[in-house]
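Structure record follows, encoded as structure tokens.
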Amino acid sequence: MAPHHVLRCCQRSLSWIPVIFINLIVGWSYYAYVVELCILTIPNNAEKISYLVVFHLFFIMFIWSYWKTICSRPANPSKEFCLPKVEKEQYEKEEHPDTQQEILKKVAVGLPVYTRTGTGAVRYCDHCLVIKPDRCHHCSTCDMCVLKMDHHCPWVNNCVGFSNYKFFVLFLAYSMLYCAFIAATVLQYFIKFWTNQLPDTHAKFHVLFLFFVAAMFFISILSLFSYHLWLVGKNRTTIEAFRAPVFRNGPDKNGFSLGFSRNMAEVFGDQKKYWMFPIYSSHGDGNSFVTRLVNLDPEQIAVGLQINGKSSVDGPGSPKHVLGDNVNHIEDHQDGSFDKTDVAETVTVTIESES
């Protein structure tokens with residue numbers, strides 16, 4: 001049997017085959033459209049130039065977002081989610097699962113972790129030796145824990161998660177527009193070649209095949225893009241869509257949903273001028289997320305309420321920031337009141353009503 005590292009190296013090499021295939025298809029489509037269609041087939045210069053300008057706009061945005069998705073390294077949990085040295089030694093020496101869970105719960109008290117396993121246990125990765133942040137999962141292909149993991153995509157040879165989910169959605173959008181534009185502009189010449197209105201040259205094969213490929217990819221990408229737009233609007237990952245995250249009060253498929261506009265802003269950011277560009281603008285750091293309703297231990301609340309030496313309940317009428325600058329885990333009630341006794345039971349955030 002070959003050594004493990006040799007097999008791993010072969011696996012990593014083979015995983016680039018889908019990416020190479022996609023790039024070959026895109027490269028051929030560029031040649032077929034620019035050379036065979038625009039330069040050799042279209043006689044009208046104005047039509048030719050207008051097609052080339054729009055085509056290259058979609059092509060550049062498509063390639064940019066595609067390679068940003070590929071090259072963005074999956075985000076991993078921060079060091080604070082690793083077990084301290086003493087607790088790690090205790091955990092490794094302990095053989096009873098119940099006692100191990102007590103160790104994990106003790107460490108998790110000071111962390112912004114609100115989801116649990118199906119049995120109510122603290123989510124811990126025995127491979128990466130970290131307490132999993134909310135929405136974090138271990139990818140067996142990448143062999144690491146990935147923050148806000150959506151899925152592992154073989155077509156980009158990468159995990160789609162917190163660090164590149166915006167890029168992935170834009171990649172779907174621009175690839176769909178790329179295919180739609182090609183199919184729409186090639187159609188009339190496809191018909192002319194098919195009905196023998198144009199001379200039978202070597203461009204005929206490229207034009208006919210280009211239309212079929214563009215139409216086929218458009219239909220397949222449209223369904224995938226629509227599904228991910230729905231996920232963004234609901235603030236769910238693909239994993240969460242199939243298996244609802246489990247909180248202390250049970251599973252809640254809408255546990256991270258804050259209303260359509262805030263859900264969109266969590267992925268694309270607050271500044272809409274950056275939405276259409278594969279530039280990082282997502283909210284947060286991926287280690288903690290705003291939740292609709294979270295039950296907390298009184299000890300965990302005590303840790304979270306103390307920020308910069310000042311309690312968050314000191315100033316009524318202003319949002320309460322807990323466990324990180326980027327996460328608002330406590331906000332005032334909608335009527336403007338704030339009850340300290342409510343904090344020990346639940347933590348809520350103001351959300352938009354969902355239809």
Side-chain angles (χ1 to χ4, degrees), residues 73-152 159 161-163 165 235-237 239-240 243-252 255-256 266 283-307 321-330 346-347:
R73 178 177 171 80
N76 309 122
S78 60
K79 293 181 180 180
E80 63 178 324
F81 291 90
C82 298
L83 293 181
K85 184 177 180 180
V86 175
E87 283 76 6
K88 182 180 179 181
E89 292 177 352
Q90 293 175 352
Y91 181 86
E92 292 174 346
K93 292 179 181 179
E94 186 56 54
E95 297 180 357
H96 300 285
D98 292 340
T99 308
Q100 288 181 327
Q101 269 300 305
E102 290 301 320
I103 297 173
L104 295 178
K105 287 180 179 179
K106 179 181 176 182
V107 178
V109 165
L111 298 174
V113 177
Y114 306 112
T115 55
R116 296 290 184 265
T117 64
T119 59
V122 175
R123 302 191 316 130
Y124 182 75
C125 180
D126 290 311
H127 297 279
C128 301
L129 305 178
V130 296
I131 294 176
K132 294 180 182 178
D134 294 341
R135 318 183 82 174
C136 175
H137 298 275
H138 185 87
C139 176
S140 58
T141 305
C142 295
D143 196 25
M144 66 175 69
C145 281
V146 179
L147 296 179
K148 196 185 177 184
M149 179 177 173
D150 188 89
H151 68 287
H152 185 91
C159 256
F162 177 78
S163 64
Y165 188 64
N235 203 343
R236 298 177 196 168
T237 63
I239 295 175
E240 292 164 354
R243 185 175 65 249
V246 179
F247 296 88
R248 292 176 184 269
N249 56 336
D252 185 0
F256 295 105
E266 186 165 296
H283 281 177
D285 60 2
N287 288 288
S288 56
F289 295 90
V290 183
T291 54
R292 288 212 311 184
L293 179 64
V294 180
N295 291 333
L296 294 178
D297 293 332
E299 294 85 355
Q300 195 166 17
I301 269 294
V303 174
L305 290 175
Q306 194 69 26
I307 302 294
H321 300 282
V322 181
L323 297 170
D325 297 335
N326 60 316
V327 182
N328 300 333
H329 287 284
I330 303 179
T346 62
V347 173

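Every heavy atom of this structure was used, including side-chain atoms; hydrogens, water molecules and symmetry mates were not.
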message: If you compare all heavy atoms of Pro74 against all heavy atoms of Ser163, which two are closest, and at what distance to 0.1 Å?
response: CA-OG, 3.6 Å

task: May I ask you to test the His151-Ile239 pair for a side-chain heavy-atom distance under 4.5 Å?
output: no

statement: The single option from Phe289, Tyr114, Phe256 that satisfies ring-ring contact (aromatic ring centres under 6.0 Å, His included) with Phe247 is Phe256

- request: Look only at the side chain of Glu87 and the backbone of Leu104, and say whether a donor-acceptor pair between them is shorter than 3.5 Å.
  value: no

Spacing of His152 atom NE2 and Ser140 atom OG [to the nearest 0.5 Å]: 8.5 Å

task: Without swapping roles, check the side chain of Arg135 against the backbone of Leu147 for a donor-acceptor pair under 3.5 Å.
output: no

- prompt: Counting only N and O atoms by type, is there a donor-acceptor contact under 3.5 Å from the side chain of Thr291 to the main-chain atoms of Gly255?
  reply: no

Side-chain donor/acceptor of Gln100 to backbone N/O of Glu94, under 3.5 Å: yes

field: side-chain contact (heavy atoms from CB on, under 4.5 Å) evaluation trace for Leu83 with Ile131
entry: CA-CA 7 Å; Leu83 293 181; Ile131 294 176; 4.0 Å; yes

field: Qualifying salt bridge (charged side-chain N to carboxylate O under 4.0 Å, His left out) pairs with a residue from residues 141-152, counting only residues at least two apart or across chains
entry: Lys148-Glu266

Closest non-hydrogen atom pair, Val113 against Pro133: CG2-CA, 4.5 Å

- request: To the nearest 0.5 Å, tell me how far Asn287 CG sits from Phe162 CZ.
  value: 8.0 Å

- prompt: Under a 4.5 Å cut-off applied to non-hydrogen side-chain atoms, are Lys106 and Gln90 in contact?
  reply: no

- prompt: Can you check whether Cys145's main-chain N or O pairs, donor with acceptor, with Asn76's side chain at less than 3.5 Å?
  reply: yes

task: Indicate yes or no: at least one non-hydrogen side-chain atom of Tyr165 is less than 4.5 angstrom from one of Thr237.
output: no

- prompt: Just how far is it from atom CG of Asp252 to atom OG1 of Thr115, taken to the nearest 0.5 Å?
  reply: 12.0 Å

message: Tell me whether the rings of His127 and His138 are parallel (<30°), tilted (30 to 60°) or perpendicular (>60°).
response: parallel

field: Working for side-chain contact (heavy atoms from CB on, under 4.5 Å), residues Lys132 and Met149
entry: CA-CA 11 Å; Lys132 294 180 182 178; Met149 179 177 173; over 6 Å; no

- prompt: Under 4.5 Å between any side-chain heavy atoms of Arg123 and Cys136, yes or no?
  reply: yes

message: If I take atom CZ from residue Arg116 and atom CD from residue Gln101, how far apart are they, to the nearest 0.5 angstrom?
response: 8.5 Å

field: Contact check, side chains of Asp126 and Tyr91, non-hydrogen atoms, under 4.5 Å
entry: yes

query: So which heavy atom on Val130 is nearest to which on Tyr124, and how close?
result: O-CD1, 3.2 Å

